[in-house]
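The residues of the chain are indexed from 1 along the displayed sequence.
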Amino acid sequence: MDDAGCYKPSATLRDQTMIAENLLHFYVIDRVRSAYESFLTGLNSLDLHKAIQLQPLLFRECFVKGVNALTSQDIERLFVHDELSPEGSNRRMDELRTIGYWRDYLIDVEEKQSAVTLCGILTFATGMDTIPVTGFDITPKLEILPTLQSAFPLAHTCACIMKLPIHNTYEEFKDKMDVGILSAPGFGFV
């Protein structure tokens, strides 16, 4: 209350209401005024402020979180998987089968044939529940775990890497993916 300049002993309800209003004004308006003015100065230096005022809907996507729901195609396109074993190797066949299972799994999740959600998969792998408007700083990557290393998926959220387990059947793959993702409640979420 000292920082807001409104600390004084109060005896009446009217005084307390006035103090509360002054505190609210300070925290909502005054405290962020310099950051807001600096932001506007930056926008004005490139004449963006005028452009935003003239075409607010065009710039909305830059400043407001989108409401589009994730799709299985969004997740599939997001994760790259270019490091496969040499062609003709048994390991390569396991990797291609696992990638096929991954695609089927995403479709099942999208069609609500699993307790996992696409948002849950994204959170498990990246620590974020939506794809940022400007994209990820690091391209999310899909890797295949070595056989028998883990029956469950693993993730390194800081590096945006999701590691998929190898299984012989889709049902086993789906079950282990569900358990693995649902057992990890999220990155910083309770």
Can you see which heavy atom on S150 is nearest to which on P165, and at what distance? O-CB, 3.4 Å
Is there side-chain contact between M93 and N90, with at least one heavy-atom pair below 4.5 Å? yes
May I ask you to decide if L84's main-chain N or O and R91's side chain share a donor-acceptor pair within less than 3.5 Å? no
Heavy-atom pair of closest approach, residues L118 and S72: CD1-N, 3.5 Å
Rounded to the nearest 0.5 Å, the CD atom of E76 sits from the CD atom of E110 at a distance of 10.5 Å
Please check if the side chain of R92 supplies one atom and the backbone of P86 the other of a donor-acceptor pair under 3.5 Å. no
Flag yes if more than 12 heavy atoms outside E87 fall under 6.0 Å of its CD atom; otherwise flag no. no
Within the 4.5 Å heavy-atom criterion, are T117 and L70 side-chain neighbours or not? no
Tell me the closest heavy-atom pair linking A151 and K176, and the distance in Å. O-CB, 3.0 Å
If two hydrophobic side chains count as joined below 4.5 Å and joins carry through other members, does I138 share a cluster with L78? no
Using side-chain heavy atoms (C-beta onward) and a distance below 4.5 Å, is L145 in contact with L154? yes
Between atom CG of N22 and atom OG1 of T17, what is the distance when rounded to the nearest 0.5 Å? 11.0 Å
Common cluster, V32/F26, ILVMFWY with side-chain heavy-atom separation under 4.5 Å: no
Nearest heavy-atom approach of K174 to Q113 is NZ-O, 2.8 Å
For D30 and R33 the tightest heavy-atom approach is OD1-NH2, 3.1 Å
Given 3.5 Å as the limit, does a donor-acceptor pair link the side chain of Y101 with the main chain of N168, or not? yes
Under 3.5 Å, side chain of D108 to main-chain N/O of Y105, donor-acceptor pair present? no
So, T98 side chain and D94 main chain: donor-acceptor pair closer than 3.5 Å or not? yes
To the closest 0.5 Å, what do you measure between CG (D178) and CZ (F173)? 10.0 Å
Report yes if some heavy atom in the side chain of M162 is under 4.5 Å from a heavy atom in the side chain of I181; otherwise report no. yes
Ignoring hydrogens and angles, tell me if any N or O in the side chain of S183 forms a donor-acceptor pair with the backbone of G180 under 3.5 Å. no
Picking from L43, N44, L48, what satisfies side chain to side chain contact (heavy atoms under 4.5 Å, CB included) with L46? L48
Please say yes or no: joined through hydrophobic side-chain contacts below 4.5 Å, possibly via intermediate residues, are L96 and I107 part of one cluster? no
Does a side-chain heavy-atom distance below 4.5 Å link E37 with L40? no
In terms of hydrophobic clusters joined by side-chain contacts under 4.5 Å, are L24 and I29 together? yes
Polar side-chain atom of E95 near backbone of I144 as donor-acceptor pair, under 3.5 Å: no
Can you check whether I99 reaches R103 side chain to side chain, under 4.5 Å on heavy atoms? yes
With a 4.5 Å heavy-atom cut-off, do I166 and Q149 have their side chains touching? no
Between F79 and I75, is there a side-chain heavy-atom distance shorter than 4.5 Å? yes
What heavy-atom pair brings A155 and A125 nearest, and what distance separates the two atoms? CB-CA, 3.9 Å
Side-chain heavy atoms under 4.5 angstrom apart, residues restricted to Ile, Leu, Val, Met, Phe, Trp, Tyr: same cluster for I161 and F136? no
Using the side chain to side chain contact (heavy atoms under 4.5 Å, CB included) rule, take M177 and W102 through it: C-alpha gap first, then chi angles, then the decisive distance, then the call. CA-CA 9 Å; M177 290 292 291; W102 165 249; 3.9 Å; yes
